[in-house]
Amino acid sequence: MTENFSRRQFLKLTGAGALAGATQLSLGDVALAAKNRPLPARVPIVVIVTLYGGNDGLNTVVPYLDSIYYSSRPSMSVAQNAVLPLGDGLGLNGSMGAFASLWNAGQLAIVRGVSYPNPSLSHFTSMAIWQSGSPAVPLSSGWIGRWLDTQAHDPMLAISLSSVLPPLMAGVRQSGSVLPVSGLTLPTGASESSYRQLATTLANDGPLQRAATLALLDLLSISAATSGAMSRPVPPPVNPTLVNVTSSSLSTQLDVVAKLISANAPTRVWEVSLGGFDTHADEVSQQSALVGEVATSVARFLSQINGTPHANDVTVMVYSEFGRRVAANASLGTDHGTSAPVFLAGNLKAGGFYGDQPSLSQLVQNNLMVTTDFRDIYGAVLEDLLGTPVAKILPNWSTKLPLFKPYPVAPISAKPPKRRGHG
Amino acid sequence: MLFEGLSSSQALILTVPATDSGVVTLSAPVLNDLGPPPASGSSQYAAYASAVATQNKQLMYWWLDRMVLSQNPLPERMTWFWHGHWATSLGKVRYALPTYQQNQTFRRYALANFSDMANAMVLDGALLLWLDANLNVKKAPNENLAREFMELFTLGVGNFTESDVRAVAKGFTGYRVVPSSGVVSLSPLLHESSTIQFLGTTGSFDATSIATYIVSLAACEAFIAARLWFRFFDSANPQPDTSIANAFATRDTAGAVNAMVHHPALADPRHAQAKSPVEWFVGACRALGLQPSRLSGRDFILNALGNLAQVPFYPPNVGGWPDGQGWLNTASAQYRLALTHFVVAQGSLAPVESLSPRARPDGLAMWLGVDVWSWRTLQVLEAVQDDPVTLTTLALNAPEYVVNA
C-alpha cells in the first residue's frame with residue numbers, strides 16, 4: 001500500500017497514471033440507433049446558439065432614436081441610416097438583413113433586457129450561470145443536462161457541435177454528446193467488440209471513468225447512427241436569397257445540424273457556438289460581421305429545414321453571457337456589461353418584442369438594468385418545447401414567457417432509465 | 001523512463017536538480033524579432049506571415065518535445081499548470097518570441113515565490129498583449145487586465161468589486177508592448193500616477209506594486225490553493241481542508257506543492273482527473289519512446305490536438321483549459337483513438353514485446369503508469385495479449401489510463 005500510495009502521488013503530480021474508484025450509477029443499455037427510431041414530424045426541436053465573449057446588445061438591436069446611445073459611444077455607434085427598423089425606436093444592425101426578413105415574417109422574437117439578478121461581469125461566472133440555469137446556487141450540471149437526466153439514456157437526445165462538452169449539456173446521470181462538424185468515424189484497428197467491451201461501465205467506476213466509458217460507448221452508437229446522414233448533401237435552403245451565402249464557422253455547424261434533422265435524427269436539443277464577441281477594442285466592424293454571420297447562418301438554416309418534414313418543428317435560441325457597457329472605452333470598444341437581447345427564431349407562437357427595453361437614462365453602475373430573467377425563456381423552452389415542468393429543472397423557478405404554443409406531453413423516451421449495479 | 005520514478009519517495013518527487021538531464025540535448029527554439037509586419041498587400045507580406053507561422057510551429061514542437069523528454073516531470077508539470085493559469089493565447093499574441101519568453105518565466109517561477117511570479121507577469125509582454133494593455137491609457141482605462149488579474153490570476157471572483165476593477169485598471173495604465181519582441185516599457189504620460197483606492201489601500205501605484213499588494217491579500221492563499229486542487233486533484237469537488245493554502249502562506253509555490261504531495265486526498269481515488277489531451281499524448285510518447293518533433297507526418301499531431309481542443313500555447317480563453325469531464329466526450333474518444341493509431345505505429349513496443357504474452361497486461365499497467373486495470377479492461381487486454389499493437393492501442397484508451405484516479 002505504501003508503494004501504491006507514493007506511486008499514485010507521483011503519478012497525479014507528474015501527469016501519468018490511474019486507479020479505479022468509487023461506487024456510481026451504472027448505465028442502461030444504449031438506446032437504439034437513429035435510423036431505427038426516427039424523430040416524428042411535429043416534435044419540437046431546439047437549437048441553441050451560444051455566442052462566447054459577451055455580445056454587445058446595443059449594437060445588435062440598436063436604440064437608434066435615443067440620443068443617449070449616440071452620445072455614449074460617439075465613434076462606435078451604428079448610424080441611424082444603417083439600422084433596419086423594427087419599431088419601438090429599435091433597429092437591427094445593418095448586417096442582420098436576414099433577421100429583418102424573419103422579423104417581417106413573424107418568425108423572430110426578440111426578448112429585451114435579458115440577464116439575471118445582480119449580473120456578474122465575469123465571462124466565466126456569467127456563462128456558468130447561463131449554462132447551469134442557476135444564478136443563486138452554483139450548480140455543476142447544466143439546464144439541458146438536468147433535462148437529459150429526466151430522460152432514458154440516449155446519446156442522440158442532445159448533441160453539441162464542438163470539441164468539448166459545453167457545461168449546459170452536462171447532466172448528473174447522463175450528458176449530451178459531442179459531434180464534430182466532420183462527423184464521427186471509428187478508426188479501424190482494434191476490433192469494435194474490444195472497444196465495446198472496454199466501454200462497459202462497472203459499478204465501482206468513479207464518475208470520470210464512467211464518463212470515459214460512456215463517451216466510448218456513445219461514440220460507437222452515434223457514429224453508426226449518423227454516418228449515413230453525414231454523407232448526404234446538405235438540404236438546400238427554400239429561400240433562394242439564402243442559397244449562395246458565404247460559408248462561415250456557424251453555418252458549417254448548422255449545415256451538419258440541418259443534415260441530421262432532415263435525416264430524422266432523434267435529437268431534441270442541438271448546440272452550436274460562435275466566439276469572438278469580447279470586443280474590448282475596435283468593435284464596430286468585428287461585431288457587425290459577427291452578428292451578420294449569426295443572422296445569415298440562422299436564417300439560412302431555418303430555410304433549409306423548411307424543405308424537410310420538420311419545417312415547423314425547429315426553434316433557434318441565440319444568447320451570450322452578457323451584453324456590454326453602454327459607454328465606449330478609449331479603444332473604440334466596450335467593456336463587460338449586463339443585460340442584452342435574446343433571439344428566438346422559427347417555431348413561435350408570435351414574433352415580436354418580449355420584455356422591456358432597458359432605459360439608457362436609468363443605468364445601474366453605468367450598466368443596463370435587467371428587465372427579463374433568462375429563466376423565463378428557459379421555462380418556455382423546457383415546458384412548451386421539451387415537455388418537462390420547469391420546476392423540475394430550474395431551482396426555485398416556475399414562470400415562463402408565452403413564446404411558444406405548448407407542446408402537450410413528453411413524446412419520446414417514455415421508458416424509465418434502466419439501472420444496473422447499485423448507486 | 002517514467003517507470004523508474006514510480007518507486008520514488010515523496011522527497012524524491014520534490015528533489016529538482018538544477019539541470020534536467022533529459023533535455024540537455026534539446027536545443028531552444030531559434031526565434032528572432034521579426035519586427036512590425038509589412039503592409040498586408042505588399043510583396044514581403046507572404047514571407048513575413050510564413051516566418052511567423054514557422055516560428056510558432058517550432059515553439060509548439062519544442063515544448064511538446066520538452067514535456068516528453070524531461071527527466072524531472074514536476075517542474076515541467078508545474079510549467080504546464082502556470083500556462084493554464086496565466087492562460088495566454090498565441091492566437092492573439094501572434095508572435096512566438098514573447099510567448100517563448102513567457103514560457104521561460106513560467107518555468108523559472110514554476111516552484112518559486114508566487115509574488116515574484118506575479119511581479120514578472122504584470123510586465124510580461126505576451127500577457128499584456130493578450131489583455132489589451134497597449135490600449136489601457138490614462139485618458140480612458142481598459143479594464144481587461146485589471147479584471148482578469150484579480151478574478152483569474154490572484155484573488156478569485158467575489159473577492160473584489162467593480163470599483164476595484166476600475167481603480168486597478170488605472171494603476172495598470174501606460175505600459176506599452178512591442179508585439180514582435182514582447183519588450184515592455186512604461187510611458188509616464190499615459191500612466192495614471194495619481195492616488196487610487198482599491199481593496200483597502202490608497203496610494204499611487206504601478207503594475208508591480210499593485211501585484212505585490214494584491215498577492216499579499218489573504219484571498220490569494222485560498223484562491224491559488226483552490227486552483228492547484230482543481231487541476232491536480234479534483235475539478236468537481238472542493239478541497240476538504242486548508243492545508244495547501246496554509247502551506248502557501250509565504251507565497252512559496254514549492255511549499256504548496258509539498259503540501260499537495262503529503263495530502264491524504266492524493267491517495268483517495270474518489271478524487272479523480274481526466275487526463276487532458278496534452279497530458280495523455282505526452283504520457284503516450286514517453287511510454288513509446290517517441291519525440292514528437294521527429295515523428296513522420298508530425299503535423300498530424302497538431303491537427304489531432306486541435307481536434308481535441310488543446311494545442312499548447314492556444315488556450316481557448318483567459319480562463320484556461322476546460323476541466324476533466326469536458327475532455328470525456330464522443331468526439332475526444334474518437335480523436336484519441338486516431339492519435340493512438342498514429343503514435344503506436346511509430347512507437348517502440350519493445351517493453352511489451354519482451355514480456356511473455358501472459359505478463360503483458362500487467363506489464364503495460366506498469367509501463368503506462370496505471371495503478372491497476374479493472375477486470376473489464378483486463379478481460380479486453382488478455383483477449384489480445386498476443387498482439388502488442390492492438391494491446392497497446394486498447395490500453396491507451398482504457399478508462400484507467402484516460403482518467404487519473
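Lettering follows sequence order; numbering is per chain, from 1. Here the structure is a predicted model, which means the values were calculated and not measured. What's counted below: heavy atoms across the whole structure, side chains too, no hydrogens, waters or symmetry copies.
Contact count against chain A (heavy-atom pairs under 4.5 Å) is highest for Asn142(B) among Asn397(B), Asn142(B), Leu381(B), Thr377(B). Between chain B and the residues Gly176(A), Gly275(A), Gly53(A), Ala211(A), the largest count of heavy-atom pairs under 4.5 Å involves Ala211(A). Ranking Asn134(B), Val344(B), Thr330(B), Asn136(B) against chain A, the residue ahead of the rest is Thr330(B), based on heavy-atom pairs under 4.5 Å. The choice from Ser120(A), Ser122(A), Pro167(A) that makes the most heavy-atom pairs within less than 4.5 Å of chain B is Ser122(A).
Salt bridge annotation for Asp335(A)-Arg147(B): absent, with no cationic side-chain nitrogen under 4.0 angstrom from a carboxylate oxygen.
Looking at Val318(B), both its backbone and its side chain come within 4.5 Å of chain A, counting heavy atoms on both sides. For a residue to count as touching a neighbouring chain, one of its non-hydrogen atoms must lie under 4.5 Å from one of that chain's; by this rule Ala398(B) touches chain A with backbone and side chain alike. If you measure heavy-atom distances from Tyr335(B) to chain A, the contacts under 4.5 Å come from the side chain alone. Contact of Leu152(B) with chain A is made through the side chain alone, with heavy-atom distances under 4.5 Å. In this structure, no portion of Ser160(A) lies under 4.5 Å from any heavy atom of chain B. Residue Val157(B) touches chain A through its side chain alone, counting heavy-atom pairs closer than 4.5 Å. Looking at Asn307(B), only its backbone comes within 4.5 Å of chain A, counting heavy atoms on both sides. Proximity to chain A is limited to the side chain of Glu148(B), based on heavy atoms less than 4.5 angstrom apart. Contacts between Ala170(A) and chain B at a heavy-atom distance below 4.5 Å are absent for every atom of the residue.
The nearest pair of heavy atoms linking Ala330(A) to Ala140(B) is CB-CB, 2.7 Å.
In this structure, CG in Asn204(A) is found 9.5 Å from CH2 in Trp375(B), a value given to the nearest 0.5 Å. Interatomic distance, Leu328(B) CG to Arg210(A) CZ, rounded to the nearest 0.5 Å: 12.0 Å. Atom CG in Asn144(B) sits 3.5 Å away from atom NE2 in His280(A) (nearest 0.5 Å). Atom CE of Met169(A) and atom CG of Asn329(B) lie 11.5 Å apart (nearest 0.5 Å). Put simply, NZ on Lys275(B) and CG on Leu208(A) are 12.0 Å apart, with the number rounded to the nearest 0.5 Å.
With contacts defined as side-chain heavy-atom distances shorter than 4.5 Å, the pair Tyr52(A)/Asn317(B) does not qualify. Leu337(B) places a side-chain heavy atom less than 4.5 Å from the side chain of Leu219(A). In this structure, the side chains of Arg376(B) and Asp205(A) come closer than 4.5 Å at one or more pairs of heavy atoms. With contacts defined as side-chain heavy-atom distances shorter than 4.5 Å, the pair Glu151(B)/His123(A) does not qualify. In this structure, the side chains of Leu394(B) and Tyr195(A) come closer than 4.5 Å at one or more pairs of heavy atoms. In this structure, the side chains of Asn329(A) and Pro141(B) stay at 4.5 Å or more apart for every pair of heavy atoms. You'll find the side chain of Glu162(B) reaches within 4.5 Å of the side chain of Leu121(A), heavy atoms only.
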